[in-house]
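These numbers come from the heavy atoms of this one structure, side chains and all, not from hydrogens, waters or symmetry mates.
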Amino acid sequence: MATIELYAEKCYIKECTANIVSIKEQFVVFNQTIFYPGGGGQPCDRGIIKQGDKTYNILTVKKIDGEIIHELERPLQDINQTVEMQIDWSWRFQNMQYHTLLHVISGYLYQHYNALATSSQIEKEHARLELSFSPDIIQEIPFDQLEQSIKKLLAQPHNVYTKILSRDEAEQKEGTIKTVINLLPASLNEIRIVQINDIDEQACGGTHVNNTTEIKDFSIMKIQNKGPMKKRIKIQLLD
């Protein structure tokens, strides 16, 4: 039985109950979970699991061969008892802010300069985005004005939506979606799409804010050359 991925469509849920599906020492699979297992440059969620009067810290959450495996600090005492999941909301929300901001930046650079995002990574105190550019346009891009351009774009609110499309439907979409889908397993027949109004539309399994106003302020810390046609953009959320 596949774990219900509550975080995928209800990423503002902070707690829930769950039943154990399988367990091996401190590694547990539940019937449903609010914990994002990591992927696409977004780290896994943090939090705790309560069972009775006992509390267990979650060390890691990973998706392996289709199973979402929660690694606890120690084995559960009762494999038949329901548990309560509680998420580290400050960590989750920060990752949501960063992830949506990365989509905004990559969407803006794709629309204006046909740039393609090649990788991203969210860290504890910053995030980075790597993009490739065509040789005939990279010299014309005003990178020194990028932060100002993104902030101007975010001065207006933009809703963030998620939807599920069949693989055939998703492959008919224009833009960078096709590039991402080509990297997904052929067995994956349904694709989760994240759309930020008219800024970006991308295949993505991660968590996002509902509206770009929740991102608040940020700065572009550094823009580095990562090859003749590649740039790495390092960003930081500001308090």
Side-chain angles (χ1 to χ4, degrees), residues 5 7-12 36-45 91-133 141 143 146-165 169-171 173-184 191-223 226 230-238:
E5 301 171 5
Y7 57 82
E9 300 304 326
K10 301 176 181 179
C11 59
Y12 283 78
Y36 179 64
Q42 181 178 337
C44 70
D45 284 324
W91 173 251
R92 154 69 75 79
F93 188 63
Q94 176 178 287
N95 288 333
M96 288 163 60
Q97 292 173 304
Y98 269 125
H99 204 162
T100 303
L101 179 55
L102 290 171
H103 274 235
V104 169
I105 296 172
S106 62
Y108 173 85
L109 289 172
Y110 174 76
Q111 284 190 12
H112 289 81
Y113 305 107
N114 205 33
L116 292 176
T118 57
S119 70
S120 65
Q121 186 63 49
I122 300 172
E123 305 287 353
K124 183 178 179 180
E125 296 180 349
H126 69 271
R128 61 169 173 78
L129 176 68
E130 292 189 5
L131 305 106
S132 63
F133 300 83
I141 302 174
F143 287 104
L146 180 60
E147 180 178 314
Q148 180 181 353
S149 298
I150 299 299
K151 288 186 176 181
K152 182 178 180 181
L153 180 64
L154 293 178
Q156 298 298 319
H158 301 272
N159 288 324
V160 183
Y161 309 92
T162 61
K163 54 189 175 184
I164 303 295
L165 298 181
E169 288 178 297
E171 287 177 343
K173 290 282 187 179
E174 297 298 325
T176 61
I177 291 178
K178 292 180 183 178
T179 304
V180 175
I181 291 176
N182 289 336
L183 300 176
L184 298 176
I191 310 296
R192 181 174 182 264
I193 303 295
V194 174
Q195 181 176 353
I196 307 173
N197 277 2
D198 57 351
I199 296 175
D200 186 54
E201 188 176 31
Q202 190 55 264
C204 177
T207 59
H208 292 268
V209 296
N210 284 337
N211 191 282
T212 56
T213 56
E214 297 174 80
I215 296 173
K216 306 301 182 183
D217 199 10
F218 73 95
S219 69
I220 293 181
M221 304 169 67
K222 185 183 296 185
I223 299 179
K226 298 302 290 183
K230 289 187 176 182
K231 296 281 187 180
R232 174 181 287 179
I233 301 172
K234 188 176 179 181
I235 59 174
Q236 184 177 50
L237 294 172
L238 303 177

Begin with the C-alpha distance, continue with both residues' side-chain angles, and end with the deciding distance and a verdict on side-chain contact (heavy atoms from CB on, under 4.5 Å) for Leu146 and Ile141. CA-CA 9 Å; Leu146 180 60; Ile141 302 174; over 6 Å; no
Begin from the C-alpha positions of Leu109 and Ile233 and carry the test side-chain contact (heavy atoms from CB on, under 4.5 Å) through to its verdict. CA-CA 11 Å; Leu109 289 172; Ile233 301 172; 3.8 Å; yes
side-chain contact (heavy atoms from CB on, under 4.5 Å) evaluation trace for Val104 with Ile196: CA-CA 8 Å; Val104 169; Ile196 307 173; 3.9 Å; yes
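Taking each heavy atom of Ala127 and Tyr98 in turn, the nearest pair found is CB-CD2, 3.5 Å. Ser120 approaches Gly40 most closely through the heavy-atom pair OG-O, 3.5 Å. Smallest separation of non-hydrogen atoms from Gly107 and Asp200: CA-OD1, 3.6 Å. The heavy-atom pair separating Ala203 from Ile193 by the smallest distance is CA-CD1, 4.0 Å. In plain terms, the two heavy atoms of His208 and Met96 that are nearest each other are O-CE, 3.2 Å. Residue Gly205 comes nearest to Arg192 through the heavy atom pair C-NH1, 3.3 Å, listed as atom of the first residue, atom of the second, then distance.
Atom CZ of residue Phe143 and atom CD1 of residue Ile220 lie 10.0 Å apart, to the nearest 0.5 angstrom. Between Leu101 atom CG and Ser106 atom OG the span is 9.5 Å, to the nearest 0.5 Å. Note: Lys231 NZ to Ile223 CD1 = 7.5 Å, rounded to the nearest 0.5 Å. Between the OG atom in Ser119 and the CG atom in Leu129 there is a gap of 7.5 Å [rounded to 0.5 Å]. With values rounded to the nearest 0.5 angstrom, Leu131 atom CG is found 12.5 Å from Tyr110 atom OH. Separation of atoms NE2 (His99) and SG (Cys11) is listed at 11.0 Å; rounding is to 0.5 Å.
Under the salt bridge (Lys or Arg N to Asp or Glu O under 4.0 Å) criterion, the residue pairs touching residues 111-131 are Arg128-Glu130, Glu130-Arg232, with sequence neighbours excluded.
Taking the side-chain contact (heavy atoms from CB on, under 4.5 Å) definition, one finds that Glu5 meets it with Tyr7, Ala8, Lys63, Ile68, sequence neighbours left out. With sequence neighbours excluded, the residues forming a side-chain hydrogen bond (donor to acceptor under 3.5 Å, both in side chains) with Thr213 are Asn211, listed by chain and number. Not counting sequence neighbours, the partners of Lys151 by the salt bridge (Lys or Arg N to Asp or Glu O under 4.0 Å) test are Glu147, Asp217. Among residues two or more places apart in sequence or in another chain, the ring pair (Phe, Tyr, Trp, His ring centres under 6.0 Å) test is passed with Tyr161 by none. With sequence neighbours excluded, no residue forms a side-chain hydrogen bond (donor to acceptor under 3.5 Å, both in side chains) with Gln94. Considering only residues two or more places apart in sequence or on other chains, Lys222 meets the side-chain contact (heavy atoms from CB on, under 4.5 Å) condition with Gln224, Lys234. When the side-chain contact (heavy atoms from CB on, under 4.5 Å) test is applied to Ser132, the partners found at least two apart in sequence or on another chain are Leu116, Thr118, Lys230. Here Phe218 pairs with nothing under the ring pair (Phe, Tyr, Trp, His ring centres under 6.0 Å) rule; sequence neighbours left out. Applying the side-chain contact (heavy atoms from CB on, under 4.5 Å) rule to Glu169 yields the partners Leu165, Ser166; only residues at least two apart in sequence or on another chain are considered. Applying the ring pair (Phe, Tyr, Trp, His ring centres under 6.0 Å) test to His112 and every residue at least two apart in sequence or in another chain returns Tyr108. Residues satisfying the ring pair (Phe, Tyr, Trp, His ring centres under 6.0 Å) test with Tyr113, not counting sequence neighbours, are none.
Between the side chain of His158 and the backbone N or O of Leu153 there is at least one donor-acceptor pair closer than 3.5 Å. Side-chain atoms of Thr100 come within 3.5 Å of backbone atoms of Val209 as a donor-acceptor pair (strictly under, hydrogens ignored). Checking side-chain atoms of Tyr36 against main-chain N and O of Gln42 turns up no donor-acceptor pair under 3.5 Å. In terms of modelled atom types and a separation under 3.5 Å, the side chain of Glu214 and the main chain of Gln97 share no donor-acceptor contact.
Sparse packing is recorded around NZ of Lys216, with 12 or fewer heavy atoms of other residues, nucleotides or ligands lying under 6.0 Å away.
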